[in-house]
Amino acid sequence: MEYEVRPARPEDLPGLADIENSGDPMFAGIGIVFPPGPTVIEQLIGKPAEIVVAGDPPVGFAAVEEVDEAAHLEQISVRGDLTGRGIGARLLAEVMARAAAAGSPGVSLLTFRDVPWNGPWYARHGFAELPEERWGPGIRSSWAAEIEAGLHALGPRVVMWAPIARTPTA
């Protein structure tokens, strides 16, 4: 089934936390159990984040904020029973296209380095580890907040970056 990727509408927002939470059993299966608290999407709703969804009603979403004058992918989630069908890749492609259209130099994100559907998945989609000396103050703040929230105790984390390919102008 093809799921259209589109900007989120206000009526889409209440169901997005359930999509995010539906992936938790995959993480639990490899020993990662997230601490209690609001989901990433619940923390972003009402902030100046751009949210795109796949499907109507949504079966996946991506949420992007501006960090250090570039697009920053805060969260990408696909309903747990629909993973592995290319929905996340289509959401990521939309994030990259929107970042390019907005003039962003690239897209950053923080993720688990070794979880197959995290760091290695992003690497297959053009992301590479961003050396710490290239982190801006916003990335450093996000990294510190993750440590404070206990995410780093769950497994090695990494900052990744994908530059936006610029087409030469005539």
Side-chain angles (χ1 to χ4, degrees), residues 7-8 10 12-54 58 60-80 83 88 91-92 94-96 98-99 102-164:
D12 296 325
L13 301 179
L16 299 184
D18 289 340
I19 293 170
E20 187 173 337
N21 286 329
S22 74
D24 287 356
M26 289 173 50
F27 285 93
I30 60 169
I32 295 176
V33 178
F34 294 105
T39 62
V40 172
I41 194 65
E42 288 169 325
Q43 295 174 53
L44 290 174
I45 292 174
K47 290 185 175 180
E50 182 176 26
I51 301 169
V52 294
V53 298
F61 71 88
V64 177
E65 290 188 297
E66 185 177 309
V67 174
D68 298 329
E69 299 180 20
H72 181 77
L73 179 60
E74 287 288 347
Q75 183 70 20
I76 191 167
S77 291
V78 173
R79 212 171 71 194
T83 60
L91 285 163
L92 183 58
E94 181 69 11
V95 165
M96 298 302 290
R98 288 173 172 271
S104 179
V107 176
S108 62
L109 59 87
L110 283 73
T111 194
F112 287 105
R113 184 186 69 212
D114 302 323
V115 173
W117 56 91
N118 279 194
W121 185 83
Y122 286 109
R124 286 193 304 275
H125 290 276
F127 284 78
E129 186 170 345
L130 185 65
E132 189 172 348
E133 61 270 11
R134 292 191 45 214
W135 296 3
I139 292 290
R140 291 182 189 285
S141 176
S142 294
W143 186 263
E146 283 195 353
I147 292 170
E148 178 75 21
L151 276 178
H152 291 247
L154 303 176
R157 302 283 292 170
V158 64
V159 176
M160 299 185 85
W161 171 263
I164 298 293

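Nothing fancy with the numbering, it's 1 onward along the sequence.
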Any donor-acceptor pair under 3.5 Å linking the side chain of Ser22 with the backbone of Gly80? yes

Distance-minimising heavy-atom pair for Ala99 and Ile164: CB-CD1, 3.9 Å

Looking at Ala71, is its backbone amide N or carbonyl O close enough to the side chain of Ser104 to form a donor-acceptor pair, meaning the two atoms are under 3.5 Å apart? yes

Do the side chain of Asp68 and the main chain of Ile139 share a donor and acceptor less than 3.5 angstrom apart? yes

Distance (rounded to the nearest 0.5 Å) between Arg157 CZ and Thr111 OG1: 5.5 Å

Any Lys/Arg nitrogen of Lys47 or Glu65 sitting under 4.0 Å from an Asp/Glu carboxylate oxygen of the other? no

Tightest non-hydrogen contact, residues Val78 and Ile19, listed as C-CG2, 3.8 Å

Shortest non-hydrogen contact between Ala149 and Pro35, atoms and distance: O-CG, 3.6 Å

Nearest 0.5 angstrom please: Glu42 CD to Leu13 CG, how far? 11.5 Å

Please determine if Glu132 and Arg140 form a salt bridge, counting it only when a charged side-chain N lies under 4.0 Å from a carboxylate O. yes

Measure across Ala62 and Val95 and return the closest heavy-atom pair with its distance rounded to 0.1 Å. CB-CG2, 3.6 Å

Which pair of non-hydrogen atoms, one from Ala162 and one from Met96, has the smallest distance, and what is that distance? CB-CE, 3.8 Å

Tested for side chain to side chain contact (heavy atoms under 4.5 Å, CB included) against Met160, the lone hit among Leu130, Asn118, Val107, Leu109 is Leu109

I'd like to know if the side chain of Glu20 reaches the main chain of Val40, judged simply by a donor and an acceptor atom lying under 3.5 Å from each other, with no hydrogens or angles considered. yes

Checking the side chain of Ser142 only, and the main-chain atoms of Gly138 only, is there a donor and an acceptor separated by less than 3.5 Å? yes

Go through the steps for Trp161 and Val159 under the test side-chain contact (heavy atoms from CB on, under 4.5 Å), then give the verdict. CA-CA 7 Å; Trp161 171 263; Val159 176; over 6 Å; no

If I take atom CZ from residue Phe61 and atom CG from residue Leu91, how far apart are they, to the nearest 0.5 angstrom? 9.5 Å

Kindly indicate, with the supporting measurements, whether the criterion side-chain contact (heavy atoms from CB on, under 4.5 Å) is fulfilled by Val64 and Glu74. CA-CA 5 Å; Val64 177; Glu74 287 288 347; over 6 Å; no

Can you tell me how the ring of Phe112 sits relative to the ring of Phe27, calling it parallel under 30°, perpendicular over 60° and tilted otherwise? tilted

Assess the residue pair Ile41 and Ile51 against the criterion (side-chain contact (heavy atoms from CB on, under 4.5 Å)); give the C-alpha distance rounded to whole Å, side-chain angles, the decisive distance to 0.1 Å, and a yes or no. CA-CA 9 Å; Ile41 194 65; Ile51 301 169; 3.7 Å; yes

Name the orientation class of the two ring planes belonging to Trp143 and His152 (parallel below 30°, tilted from 30 to 60°, perpendicular beyond 60°). perpendicular

For Asp12 and Leu16, work out which heavy atoms get closest and say how close. O-CG, 3.5 Å

